[in-house]
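Just below is one structure, and these are the notes that go with it.
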Amino acid sequence: MEQQIVKVKNKRGVKVIPGFGFSMGVTLFLLSVIVLIPLASIFLSTARLDFREFWEIVTSRQIVSGYIVSLSCSFIAALVNVVFGLMLAWVIVRYEFPGRRLMDGLIELPFALPTAVAGISLTYLYSDQGWIGSFFAKAGIKIAYTRIGITIAMVFVGIPFVVRSLQPVLEKLDRQYEEAALMLGAGRTYTFFRVILPELFPALLAGFGLAFARGIGEYGSVVFIAGNIPYKTQIAPLLIMTKLEQYKYADATACALVLLLISFALMLLINSIQLHMQKFSKC
Amino acid sequence: MVLKTMKKIKENVCLSLLSISLLGGILTGCGNSSESAGKENAAVELLNVSYDPTRELYVSYNELFCKYWNEKTGQDVTVTQSHGGSGSQARSVIEGNEADVVTLALAHDITAIEEAGLIEGGWEDEFEKDSSPYTSTIVFLVRKGNEKNILDWNDLIRDDVAVITPNPKTSGAACWSFLAAWAYQQEQDGQDEPATQEFMKKLYQNVLVLDSGARGSTNTFVENKQGDVLLAWENEAYLSMQEYPDEYEIVAPSISILAQPSVAIVDSNAKSHDTQEAAAAYLEYLYSDDAQRLAGQNFYRPSNETILKEFSDQFDLGMNLVTIEDFGGWNEAYKKFFDDGAIFDQIYEN
């Protein structure tokens with residue numbers, strides 16, 4: 001369908017943005033200056049190391065533990081975000097209630113708030129002396145300065161991604177499907193899992209991917225709430241910063257490169273799942 | 001929808017035009033000031049890149065120096081301060097922050113700038129007392145009443161004590177704390193290194209939060225109320241005491257370390273700004289009696305012995321202080337303790 005539309009438009013010569021050559025040029029230029037060249041410089045400064053050195057640095061136990069902390073916490077955070085993000089988006093799109101617009105705006109706050117501010121206030125709240133943390137402390141659960149705290153900070157920064165990728169899809173979702181399913185005798189659970197969820201799945205996956213990637217790279221808010229203890233609560237971006245502070249530029253970029261490759265591979269995987277699902281649903 | 005995006009694009013274009021013109025304004029502004037800097041009696045600008053806890057000290061010192069310089073030469077001087085973790089401040093200078101002078105937490109950070117070619121060799125001897133106009137040391141800050149009875153380094157390895165200190169890899173204060181603890185235990189163990197390493201391991205197992213800088217650790221201890229004892233710069237400890245007089249106490253351990261924050265002119269920047277004279281005077285004047293007293297009032301130990309004695313009721317002058325020379329100098333010490341895979345990393349293995 002989509003491809004046909006593009007073709008028709010091309011035949012008629014109708015183009016929204018004039019001048020393919022010009023706009024492509026601008027796009028490539030901006031992409032190079034802002035994304036590609038900085039990324040290439042990471043490759044370049046890593047190239048100062050020979051492969052053995054590189055391998056030793058990126059497989060040192062501390063670095064690997066940093067990757068594991070970052071990946072596992074952001075994975076869990078992204079999962080949590082998928083569940084709560086879906087609920088949030090659903091509530092905002094489907095129900096009318098006072099303060100709905102306000103709530104809609106609040107969701108973007110994590111984008112706008114400096115991450116350090118978020119980190120400091122989350123730590124203040126979730127430490128065992130804080131408002132929320134003290135309740136959990138009574139139950140013997142420590143939140144700030146543990147991996148739970150790291151995950152919470154990542155949930156905070158990741159939630160807008162899931163909500164914002166779900167919202168437009170939810171808005172377009174035809175309610176007749178649900179009504180039909182209910183009238184044909186499907187229960188609520190069945191309707192949700194077999195009728196609604198498949199429609200939402202690509203958007204959910206995209207939101208998951210974005211939140212996950214954001215969590216992996218998150219530094220500002222996490223360093224405050226993580227205890228930063230080696231092998232326990234040190235995230236990979238902090239280790240990279242530490243390398244920089246020690247004037248070890250090549251080491252830092254080597255670690256960054258690996259983080260980048262991991263994120264890229266994950267994104268690729270998520271995208272290909274999405275693509276596969278789209279093809280599958282068309283057939 | 002399209003209209004909306006068009007509007008957005010227009011806004012964006014306006015914004016970028018605005019920022020470009022602003023940038024231009026800043027650039028021409030810079031041009032003017034560097035032109036006029038060469039002329040007689042024109043105002044001179046200095047950028048002092050320093051570390052976290054000196055903020056208050058340099059606010060008052062700059063005032064003092066401006067007055068002094070104006071009386072001496074008739075020239076107005078404005079000093080801009082920049083503060084942050086010592087290591088990252090040094091890095092910013094290496095990467096192009098145009099500091100005329102640096103006043104950092106440890107000589108190691110200034111050596112890094114020297115190695116980048118911005119400071120000429122021999123800067124340690126350019127000013128008196130190894131270019132350290134004021135010194136400090138590491139003390140314990142504990143909660144009022146000192147319920148856990150923390151008196152010396154060996155109390156820090158008890159199971160019921162939680163310690164707050166920053167990470168030595170990123171914080172100058174943490175390096176000094178680590179070395180002070182090491183010096184204490186070396187004396188206890190009769191220089192037996194493996195035993196001392198075991199002690200350090202126990203100590204760092206009690207560390208609850210390893211922040212990246214001294215101010216971060218102070219926040220963790222003071223604002224978030226974590227831990228029983230903060231290993232702190234003496235001056236930071238006094239500042240916290242001043243702010244919350246009823247909540248904390250300072251405990252001076254039996255052995256600590258003479259922390260010598262170093263100062264240096266960033267030669268290549270001062271040359272290109274033509275501020276060498278003012279920059280040298282700025283650091284030289286730190287040794288004057290007035291400035292030394294100011295340092296004392298800001299809880300730094302004046303390097304001038306006579307003036308230090310004036311503050312004998314403020315500082316515990318009886319503390320046994322080792323120096324970095326006992327560790328063979330900073331380069332030696334850094335390699336042995338804090339480099340990747342060195343002793344600090346080893347105590348966290350397994």
Side-chain angles (χ1 to χ4, degrees), chain A residues 16-17 23 26 30 53 56-57 60-63 65 116 119-131 133-134 137 142-146 149 219-220 222-235 237-252 254-255, chain B residues 1-2 5-6 9 16 84-92 94-95 108-109 111-113 115-116 162 164-172 174-175 204-213 216-217 219-227 334 338-342 344-350:
Chain A
V16 178
I17 300 176
S23 48
V26 171
L30 282 180
E53 286 173 316
E56 251 170 42
I57 291 161
S60 78
R61 278 191 54 220
Q62 258 200 56
I63 300 292
S65 86
I120 289 171
S121 34
L122 283 175
T123 314
Y124 191 69
L125 285 177
Y126 284 98
S127 84
D128 53 10
Q129 309 286 326
W131 287 356
S134 57
K142 273 196 68 175
I143 295 183
Y145 312 118
T146 64
Y219 172 77
V222 176
V223 281
F224 291 98
I225 202 164
N228 303 333
I229 304 289
Y231 302 112
K232 287 182 187 148
T233 49
Q234 244 179 359
I235 52 166
L238 174 72
L239 284 166
I240 294 172
M241 276 303 285
T242 309
K243 297 262 183 215
L244 284 179
E245 304 268 293
Q246 293 178 285
Y247 315 110
K248 295 193 167 152
Y249 292 72
D251 292 27
C255 301
Chain B
M1 195 58 198
V2 176
T5 13
M6 284 298 285
I9 290 173
S16 24
S86 189
S88 51
Q89 289 292 83
R91 201 157 46 79
S92 82
I94 293 171
E95 283 163 7
H108 179 75
D109 291 326
T111 311
I113 305 177
E115 277 163 11
I164 305 292
T165 178
N167 188 337
K169 295 200 167 209
T170 46
S171 155
C175 291
Y204 275 87
Q205 271 165 358
N206 279 349
V207 173
L208 209 57
V209 183
L210 209 57
D211 282 295
S212 58
S217 282
N219 277 339
T220 303
F221 185 74
V222 172
E223 305 295 337
N224 295 332
K225 304 195 168 44
Q226 297 297 307
Y334 203 89
F338 309 121
D339 235 336
D340 284 348
F344 180 75
D345 278 341
Q346 287 165 23
I347 62 175
Y348 271 107
E349 299 276 333
N350 300 316

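Lettering of chains follows the sequences in order, A, B, ..., and the numbering in each one begins at 1.
Taking CE of M241(A) as the reference point, atom NZ of K169(B) lies at 14.5 Å (rounded to 0.5 Å). Going from atom CG of N167(B) over to atom CG of L238(A) covers 7.5 Å, rounded to the nearest 0.5 Å.
Neither the backbone nor the side chain of I120(A) comes within less than 4.5 Å of any heavy atom of chain B. Of the atoms belonging to Y249(A), it is side-chain heavy atoms, and not backbone ones, that fall under 4.5 Å from chain B. Contacts of Y334(B) with chain A are made by side-chain atoms alone, with heavy-atom separations under 4.5 Å and no backbone atom involved. Proximity to chain A (any heavy atom under 4.5 Å) is shown, for Q89(B), by neither the backbone nor the side chain.
For OH of Y124(A), the number of neighbouring non-hydrogen atoms (other residues, nucleotides, ligands) closer than 6.0 Å is 12 at most.
Taking the charged nitrogens against the carboxylate oxygens, R91(B) and E245(A) do have a contact shorter than 4.0 Å, which makes a salt bridge.
Of all non-hydrogen atoms in Y247(A) and G87(B), the two that sit nearest each other are OH-O, 3.7 Å.
Checked by atom type, the side-chain pair Y348(B)/Q234(A) shows no donor-acceptor distance below 3.5 Å. No hydrogens or angles considered: a donor-acceptor pair under 3.5 Å links the side chains of D128(A) and Q226(B).
Proximity of N224(B) to Y145(A): side-chain heavy atoms (C-beta onward) are separated by under 4.5 Å at one or more points. Looking only at side-chain heavy atoms (C-beta outward), D251(A) and D340(B) come within less than 4.5 Å of each other. A 4.5 Å side-chain heavy-atom check between P230(A) and D345(B) finds every atom pair outside the cut-off.
The side-chain contact (heavy atoms from CB on, under 4.5 Å) check on K232(A) picks up I229(A), with sequence neighbours excluded.
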